Amino acid sequence: MKKPVIAANWKMHKTIAESADFARSLKAAFPKPQGTVIIAPAFTALAAVGDVLKGSAIHLAAQNLHWEEKGAFTGEIAAAMLVDAGCDCVIIGHSERRAIFKETGDWINRKVAAALRAGLTPILCVGETLEEREKNLTFPVVERQLKEALNNISSGDIKLLSIAYEPVWAIGTGRNATAIQAEEVHRFIRTILKDTCGEHDAADIPLIYGGSVKPGNTGKLLAEPDIDGALVGGASLDFDSFAAIIQNASKEKGN
Ligand code: 13P
């Protein structure tokens, strides 16, 4: 059975000290996690958390990056800077960045390419709004977002990604997608990936669900065959809650 991928997206929360303390506790609690555990602190805390996690099995992700390598891009952070801070993953195309900061499919595509060039694993986020779901547009929206993000990315590189399905209506609302709703979209994403990278590689790409994941719904969501893990927002800010999500995921997908 595939091992779970559990990622914490801390968004704009936690000081440097709070982030480093959390990372220290996580490293101590999960010296050999059954699967992949990732935390994505704010930019300011990356280097400090990177130091704490050195030599541990916990992965460090940034929440965004810029596609250029360097230059006059005030306020932006390049992929190599993230690697320098200890990151090996980066979240790209989160719905908050798409909606609030007006990120386009083209930008997201450039960011995926830049991350891959630097050796970072992109955690590419896709997902529909409530309005799109109600108009039966979930599949076309997810397909468009995927195709835009993966434009001109080779199949060899696509298999290095993780993909997060985060329905916008489930983020921070307490209303998670049901396991059946989430599985349906994950299966659809897997089918698109099969067309691009072939059945074997598509089966190995972690497809993770995000949107009001909590300790209590983790097991049910991860019991689905195409849900390989979770991208957790609010419930990842509290250590006990995030630790319980990791444990419940391992129970469901561990061997
Ligand atoms: P919540 O878990 O708070 O719904 O957030 C999900 C999310 O956006 C993770 O990237």
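Read the numbers this way: they start at 1 and go in the same order the structure lists the ligands and their atoms. Worth saying up front: this structure is predicted, and the values here are computed from it rather than measured.
Sorted by first and then second residue, the side-chain hydrogen bond (donor to acceptor under 3.5 Å, both in side chains) pairs with a member in residues 211-228 read K2-D228, N176-N217, R190-D226, R190-D228; sequence neighbours excluded. Residue pairs meeting the ring-ring contact (aromatic ring centres under 6.0 Å, His included) criterion with at least one partner in residues 158-184, sequence neighbours excluded, are Y165-H186.
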Could you go step by step and tell me if T129 and E132 meet the side chain to side chain donor-acceptor pair (under 3.5 Å) rule? CA-CA 5 Å; T129 62; E132 289 162 341; 3.2 Å; yes
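Classification of R133 and E128 as a salt-bridged pair holds, one side-chain N sitting under 4.0 Å from a carboxylate O.
Remark: ligand 1 atoms within the under-4.0 Å shell around heavy atoms of G172 are 1 (P), 3 (O), 4 (O). For ligand 1 and E166, the ligand atoms under 4.0 Å from any heavy atom of the residue are 6 (C), 7 (C), 8 (O), 9 (C), 10 (O). Close contacts between ligand 1 and G234 involve ligand atoms 1 (P), 2 (O), 3 (O) [criterion: under 4.0 Å to a heavy atom]. Set against the non-hydrogen atoms of G211, the atoms of ligand 1 under 4.0 Å away are 4 (O), 6 (C). Residue contact check: L231 has heavy atoms under 4.0 Å from atoms 9 (C), 10 (O) of ligand 1. Close contacts between ligand 1 and G233 involve ligand atoms 1 (P), 2 (O), 3 (O), 5 (O), 6 (C), 9 (C) [criterion: under 4.0 Å to a heavy atom]. Counting atoms of ligand 1 from 1 in the listed order, those under 4.0 Å from a heavy atom of A170 are 4 (O).
There is no path of hydrophobic side-chain contacts, each under 4.5 Å, that joins V126 to L137.
With a 4.0 Å cut-off on non-hydrogen atoms, A235 does not touch ligand 1 at all. Residue contacts with ligand 1, taken as heavy atom pairs separated by less than 4.0 Å, involve I171 via backbone and side-chain atoms alike.
Side-chain contact between Q63 and H94 is absent, with no heavy atoms from C-beta onward closer than 4.5 Å. Two residues are said to be in side-chain contact when any heavy atoms from C-beta on lie closer than 4.5 Å; T36 and I38 meet this criterion.
Considering backbone and side-chain N/O atoms, E96 never comes within less than 3.5 Å of an N/O atom of ligand 1.
The protein heavy atom nearest to atom 5 (O) of ligand 1 is K11 NZ, 3.3 Å.
Considering L65, L161, N64, L120 as possible partners of I92, the one that fulfils the side-chain contact (heavy atoms from CB on, under 4.5 Å) test is L65.
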